[in-house]
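Below you'll find the structure, written out as structure tokens, and then a few comments.
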Amino acid sequence: MPRFTLVVPAFKVQGYLRACMDSILEQDFDDFEVVAVDDRSPDNCGYIFDQYAAQDARVRVLHLPENVGLGRARNAGLKEARGEYVLFLDSDDTMAPGSLSAIANRLSEAGDPDILIFDYARTYWNGRVQRNQLAHLLAQEGPASFTLEQRPELLDLLQIVWNKAYRRDFVERYGFEFPPGYYEDAPWTYCSMITAKSITVLDRICVHYRQRREGGNILKTRSRKHFDVFDQYERIFAFVSEHPELDRWRPELFRKMIDHYITVLDRPDRLPADSRSEFFRRAAADYRRLKPAGFPLPTGVRGKKYRLLELGSYPAVAGVKAANKARRILAKRSRKQVQTAKRKLVNAHYRAQLRLPLDENLAVFSAYWSRSYSCNPAAIDAELARLAPHIRRVWAVHASDAHKIPEGVDVVHVGSREYWTAVARAKYLVNNVNFADSVVKREGSVHLQTHHGTPLKTMGLDQQHYPGSARGMSFRKLLARCDRWDYSLSSNRHSTAIWERVYPCSYVSLETGYPRNDVLINATAEDVLAARRELGLADGTTAVLYTPTHREYEPSFVPRLDLVRFAGQMGPDTTLLVRGHYFYDSSPELAALRADGRIVDVSAHPSVEKLYLASDALVTDYSSTMFDYANLDRPIVIFAPDWDVYKVVRGTYFDLLKEPPGAVATTQDELAEILNSGAWKDEASAKLRATFRERFCDFDDGRAAERVVRRVFLGQSDEELPPVVPLEERTHAPAPSQALARV
């Protein structure tokens with residue numbers, strides 16, 4: 001008997017079916033079977049299922065003789081289930097990596113309850129990902145297993161079948177089946193939830209719920225089939241009547257029923273226009289017939305809808321809807337008029353400021369689209385305060401990010417009058433990306449583009465050849481923004497050559513090194529140990545910094561490293577510092593490792609340079625962190641499981657696998673072997689790193705910020721700037737083990 005049976009019905013989803021099946025079969029938990037149900041699909045779904053079954057004994061295929069619809073196709077699969085627990089997955093959705101192991105672990109922790117509820121996220125065709133808005137209801141607090149009476153708010157979750165695992169003997173004991181028609185999930189989910197003697201929750205996204213741009217969603221289909229909702233709730237209340245012990249749930253089920261009816265009525269895309277009054281009359285009849293004695297009406301607008309439904313007057317409802325629509329239109333027009341007026345006022349203010357003289361002693365800084373105080377602009381800001389304190393320094397920051405800015409930094413909020421005054425009057429504008437298109441380049445002003453990395457992936461005009469990464473970029477507008485640059489910083493000759501080709505404008509390239517990397521050269525042993533203490537790293541612990549990069553061509557984040565399993569492979573003396581992505585799903589195991597300090601989430605840490613100082617080694621894929629970290633001359637390991645895809649879709653300037661800064665792994669097991677065997681810091685790795693440093697650490701010698709300030713703000717010539725120290729003569733911050741020996 002396998003632990004799980006996954007029932008996957010399919011009908012006309014051949015474009016999504018392989019992704020669905022791969023997401024199941026590539027799970028790191030393998031004690032399961034898949035019952036794949038071909039609901040007489042007219043496309044290649046049946047053939048695809050058969051291919052998977054031929055390659056994997058865990059897959060069994062049912063080819064139904066006729067199309068029966070989603071609910072009855074699930075029933076057919078359920079009859080073939082042999083697992084202790086049954087899960088249902090729609091064939092255009094996918095399971096998140098590691099989900100089955102997380103579900104199995106939670107079930108064991110909770111003593112194998114009747115039902116486990118887990119979370120999901122909607123994924124959209126344009127790449128947007130949105131987690132369930134009621135995810136907070138899945139908080140894993142209190143007893144691991146409980147009854148619905150203890151947490152009745154769980155009924156407010158979207159009652160769908162595929163966000164739960166059901167104990168099979170529980171399902172068979174009560175004979176739960178899916179009815180025909182639309183909204184077939186309602187009878188199954190409500191009846192099973194109120195019947196279950198034990199429930200648990202898992203606060204983890206286990207399913208990616210695909211929101212298809214066209215088709216695939218009955219809720220977007222205008223049809224009289226939506227009248228099926230009445231039959232579904234009739235089945236629910238009939239079930240309650242057959243089980244008097246469940247009578248206490250009538251008020252909650254009545255509330256859910258009326259909310260559901262109102263939702264159908266409120267959505268103009270569901271019912272044909274000539275059917276709406278009929279649907280209302282049937283809903284009103286159910287209201288009067290099934291309303292429990294003493295049922296309290298909701299408050300607010302929702303309560304008004306309940307009262308109108310109870311009165312049974314469709315013209316009154318239609319009148320209220322028309323009045324509400326008119327109010328919304330007027331309010332929207334009013335808001336738009338106010339916003340337009342504000343924009344005009346701000347624009348007029350900006351134009352007026354542009355006519356005033358430049359402030360020769362004002363510099364405006366911004367970093368990462370005005371979201372933080374960091375990177376090269378922050379390092380230049382600090383050096384400017386030291387060498388030219390007469391220049392006033394102002395940071396442009398979005399109001400929502402103002403809390404991230406250190407105390408004492410002068411801030412203007414992007415879009416405010418103060419912001420537009422500053423960018424209009426400032427002599428100097430410093431950014432590691434581009435200022436908005438509406439910012440005017442004034443004669444006599446100085447725009448300094450610092451960049452924020454060394455290019456491995458294609459940039460600028462080279463992205464025209466890789467539309468998957470450009471994602472609709474206007475290259476004409478890009479070059480117009482670059483035309484404002486007076487100076488472009490570079491940390492190596494490789495970057496200089498690429499910047500000048502992909503941003504072909506009339507700026508001056510400054511081969512000064514990156515100011516943000518000065519600290520990697522100048523930091524002391526005390527600085528290194530302080531950075532480690534800030535992160536709670538014990539002496540003797542090997543700290544591995546993991547920095548996976550973003551793939552622009554992927555609609556959502558795909559974890560390439562199973563953090564829980566990897567931590568186990570590393571052992572207790574290794575701490576993983578993860579500067580990852582917020583789509584790394586949480587799990588009880590991950591939470592435990594975080595609590596023990598084995599895994600430290602440093603994604604929001606304000607200074608990546610401090611993370612470099614604190615770590616013993618870097619593991620990355622295609623992130624530009626490798627170029628900066630190489631200045632420390634500490635081990636770097638490349639984890640490139642999808643290099644063949646990345647180099648083709650994103651485009652790269654050299655073959656990272658042939659010219660790496662250290663050992664290379666293409667699988668998690670290879671990565672674990674490199675770190676456990678010592679290959680990450682052996683002689684071969686050191687030779688690769690030395691070659692890499694010669695190529696990409698040309699100018700970072702600890703005085704980059706000084707060169708920039710003297711050249712750009714103080715007007716000194718290149719000959720007057722501090723010369724670059726040759727690579728072989730440079731020092732750098734000591735490694736943690738060296739720092740311990742010195743202090």
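What you see is a predicted model, and the numbers here were worked out from it, not measured in a lab. The basis for the numbers below is simple: all heavy atoms, side chains too, and nothing from hydrogens, waters or symmetry mates.
- Taking each heavy atom of G98 and R204 in turn, the nearest pair found is C-NH2, 3.2 Å.
- Relative to the six-membered ring of Y646, R650 misses at least one condition, a distance below 6.0 Å or an angle of at most 45° to the axis.
- Closest approach of D562 and Q668 over heavy atoms only: N-OE1, 2.9 Å.
- Side chain to side chain, D286 and Y261 meet the donor-acceptor criterion of an N or O pair below 3.5 Å.
- Taking the six-membered ring where the residue is Trp, the centroids of W162 and Y209 are separated by under 6.0 Å.
- In this structure, CG on L100 lies 7.0 Å from CG on L87, to the nearest 0.5 angstrom.
- Remark: the S275 side chain and the E278 side chain contain no N/O donor-acceptor pair separated by less than 3.5 Å.
- Here the closest heavy-atom approach between residue S91 and residue V13 is recorded as OG-CG2, 3.1 Å.
- How far CD of E33 is from CZ of R60: 4.5 Å, rounded to the nearest 0.5 Å.
- Note: T620 OG1 to I638 CD1 = 6.0 Å, rounded to the nearest 0.5 Å.
- Under the 4.0 Å criterion applied to side-chain N and carboxylate O atoms, K164 and D114 are not assigned as salt-bridge partners.
- Under 4.0 Å is where a charged nitrogen must lie from a carboxylate oxygen, and between D119 and R131 at least one such pair does.
- For an aromatic pair to be called close, the ring centres must be under 6.0 Å apart, and F237 with F254 fails this.
- The heavy-atom pair separating Y120 from N163 by the smallest distance is CD2-CB, 4.4 Å.
- Salt-bridge check for R565 with D669: passed, with a basic side-chain N closer than 4.0 Å to an acidic carboxylate O.
- Comment: D642 engages R560 in a salt bridge, judged by a side-chain N to carboxylate O separation of less than 4.0 angstrom.
- Across S623 and T547, no two heavy atoms sit closer than the pair CB-O, 3.6 Å.
- Once rounded to the nearest 0.5 Å, the distance linking CZ of R122 with CG of D93 reads 10.5 Å.
- Within 6.0 Å of CD in E153 there are more than 12 heavy atoms belonging to other residues, nucleotides or ligands.
- With rounding to the nearest 0.5 Å, the separation of OG in S145 from CG in L107 is 10.0 Å.
- Note: F279 and H226 fail the aromatic proximity criterion, with ring centroids not under 6.0 Å apart.
- For the 3.5 Å distance criterion, the side chains of D90 and Y16 fail to qualify, holding no donor opposite an acceptor.
- Aromatic pair Y174/Y166: centroids not less than 6.0 angstrom apart.
- Separating the CZ atom in R3 from the OH atom in Y85 is a distance of 5.5 Å, to the nearest 0.5 Å.
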